[in-house]
Every structure is written in C-alpha cells, then in structure tokens.
Amino acid sequence: MNDHQLAAHLAAEAGRLLLGVRDELADAGEAERKAAGDRRSHEFLMAALAVERPEDAVLSEEGADDPVRLRSDRVWIVDPLDGTREFSELDRDDWAVHVALWQSGELTAGAVALPARGMTLATPSVPAPPEHQGAPRIAVSRSRPPAVAETVRERLDAVLVPMGSAGVKVASVVQGTADVYVHAGGQYEWDSAAPVAVARAAGLHTSRIDGSPLIYNRPDPLLPDLLVCRPEYAEAVLAAIN
C-alpha cells in the first residue's frame, strides 16, 4: 500500500475495532467505553504502523511524545478516537478516527474515518463539496459553540449547525453539509492533521484564524485554532475574526 492507501486502511480498520468495542461494552458505563476505545484504537494503530512503516515516527494523542519525531522526515500524526464523548453515547455517530502523514514539512497523506456512518474520507482524491445556495452554515459543537463562531455568524448572517467531533465538523465542510468550521482554543496537532489533509485534497481553505499557515510536527503539539471553509468564504471569515 502507498501512504494514502495505508492511511485510509488504518483509519477504517481502527473504526471497525471501535464499533466492536462499542458493541462489547454496550452495557458498561460511558467512562469505561471511552477508556477502552482510546486504548485499543491507539494500540492497534501503533502496532500496525510499526509493521507497515517501521522507520517512521508517530505522534498519537494517546501515546507518550517521543522527541525522535522532531528529527524524523516522516511522522504519522494520529487521533485514535476523535470525539470520545460522542463515541461513548451509543446513539451518536458523530465521532471519527484520524490518520495523517507529515513528511518533510508538509501533510502528504491523510484519512478521516467516520465509522458509525460507514465511510472514510481519504487523500489523494477527495471530491469538492457541492455548491450551496443560502446562508453560510457554520459547524459548531453541540454543547459549547466557541465565541469566534458566534462572531462569524453575526458578521456573515450565517447559521450554526451543531455536531460532534473536530473530524466530523471538517468532514461536514468537505461533504457540503456545512460551509465553515472555525475553532479557537484547546486543540492539538492530532485534532486537525488528518482533517486538514482531507480538506486540502477537496480544494478547501485551511489556515489558522489569523490566516497564517498550519504548521505540524513542532516541539509543542498545541495547535489551538483552526479555520476550514469553502474558499469563497475565506476572506470574509478571516475579516470577521480579525
């Protein structure tokens, strides 16, 4: 498998594993499901990458950060379970698995699996979202829409569309059920690397909220803000924020 195929395969397989964990622990508490999902998906991805790409480094949300990645030309950036809360609620399908490859300064492959929806979005070829007529739609969290999203909503006369994890929000822009995802505060590289790779493959705008580039595999993996949107909205969204 090439890197694109491997990213898609691993994300999808981790997703199938997580669906099995959900079934196995359907009668357990939400905290137990969260912990088991995070752990088992992480262990699967680490073991699979060790076999398929033994020379590559890995940055995982659930693993200890190995500084060897900072000296590596190829680093897999993974979130074994994006949206643990949504995963733990058995009726929710808005959670994801992220697998991305950073190579020599750029994201070169990525996949976002949406296991409960039976789909995986993956590079290198991702269809552009269909055209949308009407008010811009902004993907936001169900429980805590960020203030920056409310600012953009007011300036663009947009509507907020609540949904789950970061990967699901970016996927909604890729698939055309939302037009903008803007976030400020509290994210790390694994939250956005694979979604950004997929969004770029679909021709979407990706940046930080000041318009500067998203940079990955840095010593501190905190990457707190993000904008993913249809390119025709980028200038207006950035102006509304700044």
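Quick note: numbers below take in every heavy atom, side chains included, and nothing from hydrogens, waters or symmetry partners. The structure presented is a predicted model; accordingly, all values stated were derived computationally and were not measured.
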**Request:** Would you check if the side chain of D38 reaches a backbone N or O of A35 as a donor-acceptor pair within less than 3.5 Å?
**Result:** no
**Request:** Check whether any side-chain N or O of R74 sits under 3.5 Å from a backbone N or O of L101 as a donor-acceptor pair, and report yes or no.
**Result:** no
**Request:** Report the relative orientation of the aromatic rings in Y181 and H183; use parallel for angles under 30°, tilted for 30 to 60°, perpendicular for over 60°.
**Result:** tilted
**Message:** Treating R218 as the side-chain partner and D220 as the backbone partner, does any N or O pair qualify as donor plus acceptor under 3.5 Å?
**Reply:** yes
**Request:** State which residue, out of V174, D179, T177, L204, fulfils the side-chain contact (heavy atoms from CB on, under 4.5 Å) condition with P129.
**Result:** L204
**Request:** May I ask you to decide whether K169 forms a salt bridge with D94, counting only side-chain N to carboxylate O separations under 4.0 Å?
**Result:** no
**Item:** Donor-acceptor pair, side chain of S88 and main chain of R85, under 3.5 angstrom
**Value:** yes
**Prompt:** Would you say V170 and V112 make side-chain contact, with heavy atoms under 4.5 Å?
**Reply:** no
**Request:** Report yes if some heavy atom in the side chain of S207 is under 4.5 Å from a heavy atom in the side chain of H205; otherwise report no.
**Result:** yes
**Side-chain (T123) to main-chain (A109) donor-acceptor, under 3.5 angstrom** = no
**Request:** Evaluate side-chain contact (heavy atoms from CB on, under 4.5 Å) for L223 paired with L214, printing each intermediate quantity in order.
**Result:** CA-CA 8 Å; L223 190 55; L214 293 154; 3.9 Å; yes
**Close side-chain approach of L226 to R208, heavy-atom, < 4.5 Å** = no
**Message:** Tell me whether S72 contacts the main-chain N or O of V68 through its side chain, where contact means a donor paired with an acceptor under 3.5 Å.
**Reply:** yes
**Message:** Between Q5 and N2 (side chain of the first, backbone of the second, donor and acceptor by atom type, cut-off under 3.5 Å), is there such a pair?
**Reply:** yes
**Asked** Quick one: do E43 and R40 make a salt bridge, cutoff under 4.0 Å?
**Response** no
**Request:** Would you indicate whether the side-chain heavy atoms of E61 and V78 approach each other to under 4.5 Å?
**Result:** no
**Asked** With a cut-off of 6.0 Å (strictly less than), are more than 12 heavy atoms of other residues, nucleotides or ligands near CD of E154?
**Response** yes
**Fill in**
Test side-chain contact (heavy atoms from CB on, under 4.5 Å), reference V97, set L18, D79, T120, output is L18
**Prompt:** Do N217 and W102 have a side chain donor and acceptor closer than 3.5 Å?
**Reply:** no
**Prompt:** Hydrophobic clusters join Ile, Leu, Val, Met, Phe, Trp and Tyr when side-chain heavy atoms are under 4.5 Å apart, directly or via other members; which others share one with V182?
**Reply:** I138, V140, V148, V152, L156, L160, V180, I209, L227, Y233, V237, L238, I241
**Message:** Has H98 got a side-chain atom pairing as donor or acceptor with A111's backbone, closer than 3.5 angstrom?
**Reply:** no
**Prompt:** A96 and G167: which non-hydrogen atoms are nearest, and at how many Å?
**Reply:** CB-CA, 4.5 Å
**Message:** With a 6.0 Å cut-off (strictly less than), is the heavy-atom count around OH of Y188, excluding the residue itself, greater than 12?
**Reply:** no
**Message:** Tell me if a side-chain donor or acceptor on R137 pairs with a main-chain N or O of G176 at a distance below 3.5 Å.
**Reply:** yes
**Prompt:** Do side-chain atoms of R153 reach the backbone of V159 as a donor and acceptor pair under 3.5 angstrom?
**Reply:** no
**Fill in**
Tightest non-hydrogen contact, residues G83 and W95, listed as O-CB, 3.6 Å
**Prompt:** Would the number of heavy atoms belonging to other residues, nucleotides or ligands and lying under 6.0 Å from CG of N242 be above 12?
**Reply:** yes
**Message:** Could you tell me if the side chain of Y216 sits less than 4.5 Å from the side chain of L107, heavy atoms only?
**Reply:** yes
